[in-house]
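Side-chain atoms are counted along with the backbone in the values below, which use heavy atoms only and exclude waters and symmetry mates. Everything numeric in this text was worked out from a predicted model, so none of it was measured.
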Amino acid sequence: MTLSPSVPAEQRSLNGHLFHVSKTPDKLRHLINDIARAAKYISYAIKTTEAGLAGSVNMFGEEQVKLDVLSDRIIQEHLNENRLVATYACEEHDAVIELSPDAPYSVVFDPLDGSSLVDANLAIGSIFGIYEGKEIIGRTPREQVAALYVLYGPRTLFVYSTGSGVHEFLLNDVGEFIILREHLGIGDNAKNFSPGNLRGIDETDGYRDVVESWLKQQMTLRYSGCLVADVHHIFSKGQGIFTFPASKKYPNGKLRHAFECGPFAFLAEQAGGAASDGSQDIMDIPLTAVGQRCPLIIGSKNEVARICSLLTAV
Ligand code: AFP
């Protein structure tokens, strides 16, 4: 892992890094820069918008907070501006939306992940996956040409991969994303665990065994309720495991395949980790609908494999 002082000056900004280090094609670089610009507005909105309810519901029947609606609008405006996006799909709409049909990319995104934590002032995030072409349904996460997330915590971080490693940037005081760490890696073994959907511990075969094995090994609990924050913890510490298996309430898990599981699976693989739904690599599960959900086991490779075998052993 390299820290910023050793990175040549022209490679320190997000744009410089995309251009010089990741050798990202120009149009994709422009698109990622536009997403980063949207993230700066969201970061600002989080600090300045009253955390009340918007009084509307999304396609899953969940109440949208003002910031969900605002973040969604900010991202849409930025995607609309550049004529690089043919279609997009996001958590707040139930259909794929067409923007510029002949444009080179399609984008999947969760504008504000962890929005139920806004009033508690915990970390929240945005997640993006980028595909070539205008089709989203029928694709697999492996076909993404880039995936990235933004973490709005005490500091705003931007983490991206265009297929050559995972790189982390910090939003500085003049509004520039500056390199913090290059080539984030996830080691094969986990010391931290992040157990989502614990209420389903006895409804998912083997989940109680998984959790008991973590306690027996005296692993460290780290769970915030925001996927972006919880999985970023794994990237940041270089090890760990996050689970959100199915249960009676969530027969296919809660997390959305297109804009939660898929982008994180791409990033985890790039960092040397893995992501599974319990039996299949998330990277190879086709997107069948915008609202498709998927169980998620993500993080250190050996631990992902061990948990999948415990979940399917019963
Ligand atoms: P919200 O965006 O409604 O807060 O949901 C967040 C989330 O989709 C994901 O970020 C978390 O990992 C997961 O839900 C947490 O779910 P539980 O609240 O059921 O633990």
Side-chain angles (χ1 to χ4, degrees), residues 27-28 31-32 34-35 38-39 41-42 45 53-116 124-150 227-228 244 246 249-266 277 282-296:
K27 286 182 178 172
L28 182 56
L31 175 54
I32 294 174
D34 285 338
I35 291 172
Y41 280 92
I42 296 172
L53 296 174
S56 53
V57 292
N58 68 12
M59 63 191 273
F60 301 99
E62 297 162 339
E63 252 180 349
Q64 293 173 293
V65 295
K66 278 180 186 164
L67 278 169
D68 285 36
V69 178
L70 195 56
S71 306
D72 187 43
R73 200 178 306 147
I74 289 170
I75 293 166
Q76 283 182 49
E77 282 170 10
H78 282 78
L79 296 185
N80 208 0
E81 210 177 83
N82 56 30
R83 301 278 174 257
L84 292 170
V85 180
T87 57
Y88 71 84
C90 72
E91 197 193 358
E92 308 304 328
H93 306 279
D94 54 5
V96 172
I97 312 246
E98 196 169 276
L99 276 186
S100 310
D102 299 324
Y105 297 108
S106 48
V107 180
V108 289
F109 63 93
D110 183 348
L112 205 65
D113 176 60
S115 51
S116 64
I124 49 182
S126 303
I127 313 166
F128 297 82
I130 303 175
Y131 291 85
E132 260 169 3
K134 64 182 280 194
E135 301 307 328
I136 292 175
I137 303 306
R139 312 293 287 275
T140 64
R142 196 174 291 290
E143 293 177 71
Q144 290 168 108
V145 289
L148 60 98
Y149 64 86
V150 189
L227 179 71
V228 175
F244 203 109
K249 185 175 174 195
Y250 299 118
N252 297 309
K254 175 186 180 189
L255 303 174
R256 286 70 168 185
H257 185 34
F259 24 78
E260 292 183 308
C261 304
F264 272 121
F266 183 93
D277 71 345
I282 297 281
M283 293 285 271
D284 299 317
I285 302 175
L287 304 176
T288 56
V290 173
Q292 179 185 359
R293 298 181 191 245
C294 193
L296 180 65

*What pair of heavy atoms forms the shortest contact from A246 to P295, and how long is it?*
N-CB, 4.2 Å
_Residue pair H93 / Q76, side-chain heavy-atom distance below 4.5 Å_ = yes
*asked:* Does anything in residues 252-263 form a side-chain hydrogen bond (donor to acceptor under 3.5 Å, both in side chains)? List the pairs, not counting sequence neighbours.
replied: E62-R256, E91-R256
_Taking every non-hydrogen atom, the tightest pair across F264 and V228_ = CZ-CA, 3.8 Å
*Taking C-beta and beyond as the side chain, do L296 and L227 meet within less than 4.5 Å on heavy atoms?*
yes
*What pairs with S126 under side-chain hydrogen bond (donor to acceptor under 3.5 Å, both in side chains), at least two apart in sequence or on another chain?*
Y152
*State which residues pass ring-ring contact (aromatic ring centres under 6.0 Å, His included) with Y88; sequence neighbours excluded, sorted by chain then number.*
F109
*With sequence neighbours left out, write down each residue that passes salt bridge (Lys or Arg N to Asp or Glu O under 4.0 Å) with E132, or none if nothing qualifies.*
none
*Does Q144 reach the main-chain N or O of G262 with its side chain, forming a donor-acceptor pair under 3.5 Å?*
yes
*For S100, all residues meeting side chain to side chain contact (heavy atoms under 4.5 Å, CB included), sequence neighbours excluded*: R83, A103
*Are the side chain of D72 and the backbone of E92 linked by a donor-acceptor contact shorter than 3.5 Å?*
no
*Taking all heavy atoms of L84 and all of P104, pick out the closest pair and write down the distance.*
O-CD, 3.5 Å
*asked:* Taking side chain to side chain contact (heavy atoms under 4.5 Å, CB included) as the definition, give me every residue that meets it alongside R142, ordered by chain and number, with sequence neighbours left out.
replied: T140, E269, D281, M283, D284
*Applying salt bridge (Lys or Arg N to Asp or Glu O under 4.0 Å), name anything that partners R293, two or more places apart in sequence or on another chain.*
none
*Tell me, please, which residues at least two apart from E81 pass salt bridge (Lys or Arg N to Asp or Glu O under 4.0 Å).*
R37
*Side-chain heavy atoms of L255 within contact of C294, under 4.5 Å*: no
*asked:* Test of understanding: with side chain to side chain contact (heavy atoms under 4.5 Å, CB included), list the residues that count as partners of A38, not counting sequence neighbours.
replied: I74, I75, H78
*Does a side-chain heavy-atom distance below 4.5 Å link V150 with I42?*
no
*Test side-chain hydrogen bond (donor to acceptor under 3.5 Å, both in side chains) applied to Y149 - qualifying residues, sequence neighbours left out*: H232
*To the nearest 0.5 Å, what is the distance between CG (L31) and CD1 (I130)?*
4.0 Å
*Could you pull out the closest heavy-atom pair between V290 and I137, with the gap in Å?*
N-CD1, 3.8 Å
_Give me the atom names and distance for the closest heavy-atom approach of G133 to S106._
O-OG, 3.0 Å
*Evaluate the side chain to side chain contact (heavy atoms under 4.5 Å, CB included) criterion for residues V145 and Y105: first the C-alpha distance (whole Å), next the side-chain angles of each, then the deciding distance (0.1 Å), finally the verdict.*
CA-CA 9 Å; V145 289; Y105 297 108; 4.1 Å; yes
*Got D277 and I282 here, is their nearest side-chain heavy-atom distance under 4.5 Å?*
yes
*Given side chains that start at C-beta, do those of C90 and F128 come closer than 4.5 Å, heavy atoms only?*
no
_Restricting to non-hydrogen atoms, name the atom on P263 and the atom on A147 that form the minimum distance, rounded to 0.1 Å._
O-CB, 3.5 Å
*Using side-chain hydrogen bond (donor to acceptor under 3.5 Å, both in side chains) as the criterion, list what pairs up with Q292, not counting sequence neighbours.*
T288
_Any non-hydrogen side-chain atom of V107 less than 4.5 Å from a side-chain atom of L99?_
no
*Is any side-chain heavy atom of I35 closer than 4.5 Å to a side-chain heavy atom of L79?*
yes
*Taking only residues two or more places apart in sequence or in another chain, which ones pass side chain to side chain contact (heavy atoms under 4.5 Å, CB included) with E98?*
T87, P101, K134
